[in-house]
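Read through the structure below, which is laid out as structure tokens, and then see the notes.
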Number of protein chains: 2
Amino acid sequence: MSSYDMIDAEKPRPTKDRLIRSAAELFRTRGYHGVGLNDLLAHAKAPKGSLYHHFPNGKPDLAMAAATWASDGLLRVVAESFAGAPSFSEGATTLCHKLAKLFDMTNQWDGCPISATLFVGPENAEFRKHADHLYAGWLAEVRDHALRFGASEEDALKKSEHLFILIQGGWQLARARSDSNVMRDLPNKL
Amino acid sequence: MSSYDMIDAEKPRPTKDRLIRSAAELFRTRGYHGVGLNDLLAHAKAPKGSLYHHFPNGKPDLAMAAATWASDGLLRVVAESFAGAPSFSEGATTLCHKLAKLFDMTNQWDGCPISATLFVGPENAEFRKHADHLYAGWLAEVRDHALRFGASEEDALKKSEHLFILIQGGWQLARARSDSNVMRDLPNKL
DNA sequence: TGGAGACTGGACCGACTGGTCTATATATGT
DNA sequence: ACATATATAGACCAGTCGGTCCAGTCTCCA
């Protein structure tokens, strides 16, 4: 597995990866319905056949994979933020600042990669469930850090939800205003 | 009963009204790109000619009008919530409870009517600006109530932003979980 | 060396998209 | 009564949608 990774760095990224990354990026900025397969395929430099080889159920499958991939990335940001932090609140602060930077790097437009990709309508219950699952993963990660800093079980749960809500809401406002400082100001509200 | 009843009993309303209401409802649940003109027209029981008579620029025009209309309704909910409240925080609590009820009335799926309608992609700068404008209106309304209860100028601004962020983020989590209690728990975080 | 499975490339499809256009109906003012 | 503006009705259009299909190419192992 590790040898494969080393060789992989030199090679062009496998098609499946390119599809997932392109999907994650495009869905995040224009939403699931805002991205056509043609756009997506052109962005990923892949033909249609490959899409339906790697994702037999087409667009919905790809969206699920893209959201999962994006979520994994976000989880890593959380881990990094809390890794060297001396306290929960300082970890949270670092996280908000990292997200502000991320916001600035995405044309100040992109939405939450999970909701933009998966909040598509009531007809797609699986999407909603998956979004719930991914959010739960994020919440659990933050809760664990709170526990690590000595919070009670109940308190940790509360803290993680609170931070999640602030970040989601803050991101929305930052988006409308095109202003990442909304994110940087979030820790003051904790 | 709130005047923000988007699920309207299709009365003999003028065509333009029906178009706006239908657009607001459909965009809110499936997003701007998730709704086709045919769906929309069928829902509003109006022919295509009427749409382009009342909204010469078609779908984008209608979306703007629908978002404005939805925002006005929301503003009324805010006003109602704070009208008879003995304090800012009790007004905020009432507001959160009203929104929870609203959430339950919309299949627990619908998103923020403004962002779902107007956060469409970077190619549509006017939409983003209008969303900013509508959000600003909401923020101003809440800030005025805070001032009315004796908050300082600076404090009132902070309070309104804080409440806005909590509601936006809370709604997102409520959506993923299909659980309106997230909204009812929001005041504890203020 | 050859055969099998994984993967690519893209032509093609019916359904549907947002939008245009013209003919007709309805209301209003004189 | 007529003229005028406003509004309705829907056929029609080119373009795009997500999806299917299969011939071709690659990779790997017998």
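Here is the naming used below: chain letters follow the sequence lines, and residue numbers restart at 1 for every chain.
The side chain to side chain contact (heavy atoms under 4.5 Å, CB included) search around A/Glu25 returns A/Arg28, A/His43, not counting sequence neighbours. Residues satisfying the side chain to side chain contact (heavy atoms under 4.5 Å, CB included) criterion with B/Asp17, sequence neighbours excluded, are B/Arg13, B/Pro14, B/Arg21. When the side chain to side chain contact (heavy atoms under 4.5 Å, CB included) test is applied to A/Leu157, the partners found at least two apart in sequence or on another chain are A/Arg143. Residues passing the side chain to side chain contact (heavy atoms under 4.5 Å, CB included) test with B/Glu126 are B/Met64, B/Asn124, sequence neighbours excluded.
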For residues 50-63 of chain B, run the donor-acceptor check on the side chains, cut-off 3.5 Å, and write out each pair with its distance to 0.1 Å, sequence neighbours left out.
| residue | atom | partner | partner atom | Å |
| --- | --- | --- | --- | --- |
| B/Lys59 | NZ | B/Tyr32 | O | 2.9 |
| B/Lys59 | NZ | B/Val35 | O | 2.9 |

Could you give the side-chain donor-acceptor pairs of residues 71-89 of chain A under 3.5 Å, partners two or more places apart or in another chain?
| residue | atom | partner | partner atom | Å |
| --- | --- | --- | --- | --- |
| A/Ser81 | OG | A/Val77 | O | 2.8 |
| A/Ser87 | OG | A/Glu90 | N | 3.2 |

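Atom NZ in B/Lys16 sits roughly 17 Å away from atom P in D/dA9 (whole-Å rounding). A straight line from NE2 of A/His54 to C1' of C/dG9 spans 13 Å, rounded to a whole angstrom. At whole-Å resolution of the value, CG in A/Leu51 and C1' in C/dG10 are 13 Å apart. Summarising the geometry, the separation between CG on B/Leu41 and P on D/dA7 is reported as 16 Å, rounded to the nearest angstrom. Straight-line distance from the NE2 atom of B/His53 to the C1' atom of C/dT20: 16 Å, rounded to whole Å. Residue B/Phe55 contributes atom CZ, which lies 15 Å from atom C1' of D/dT6 at whole-angstrom precision.
The distance from the CG atom of B/Asp110 to the CG atom of B/Leu102 is 9.0 Å, given to the nearest 0.5 Å.
Across the helix from C/dT1-D/dA30 to C/dG29-D/dC2, the helix axis at one end is tilted relative to the axis at the other end by 0° (nearest 10 degrees, each axis from five pairs).
B/Phe27 is listed as a side-chain neighbour of B/Leu40, based on a closest heavy-atom distance under 4.5 Å. Between B/Phe164 and A/Leu173 the shortest side-chain heavy-atom distance falls below 4.5 Å.
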Below 3.5 Å between N/O atoms, which protein atoms pair up with nucleotides 10-19 of chain D? Just atom names and distances, please.
| residue | atom | partner | partner atom | Å |
| --- | --- | --- | --- | --- |
| D/dG10 | O6 | B/Gly49 | N | 3.1 |
| D/dC17 | OP2 | A/Asn38 | ND2 | 2.9 |
| D/dG18 | OP1 | A/Val35 | O | 3.1 |
| D/dG18 | OP1 | A/Lys59 | NZ | 2.6 |
| D/dG18 | OP2 | A/Leu37 | N | 2.3 |
| D/dG19 | OP2 | A/Tyr52 | OH | 2.8 |
| D/dG19 | OP2 | A/Lys59 | N | 3.1 |
| D/dG19 | O5' | A/Tyr52 | OH | 3.2 |
| D/dG19 | N7 | A/Lys48 | NZ | 3.4 |
| D/dG19 | O6 | A/Lys48 | NZ | 2.5 |

I'd like a list of close polar pairs between nucleotides 25-27 of chain D and the protein, N/O only, cut-off under 3.5 Å.
none

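Pairs engaging residues 32-45 of chain A under the salt bridge (Lys or Arg N to Asp or Glu O under 4.0 Å) rule: A/Arg30-A/Asp39 [sequence neighbours left out]. Residue pairs meeting the salt bridge (Lys or Arg N to Asp or Glu O under 4.0 Å) criterion with at least one member in residues 179-190 of chain B, sequence neighbours excluded, are B/Asp104-B/Arg184, B/Asp185-B/Lys189.
The environment of B/His33 atom NE2 is dense: over 12 non-hydrogen atoms of other residues, nucleotides or ligands sit within 6.0 angstrom. Remark: A/Glu123 CD is packed, more than 12 non-hydrogen atoms of other residues, nucleotides or ligands lying under 6.0 Å away.
Non-hydrogen atoms lying under 4.0 Å from DNA chain D are contributed by nothing in residues 119-129 of chain B.
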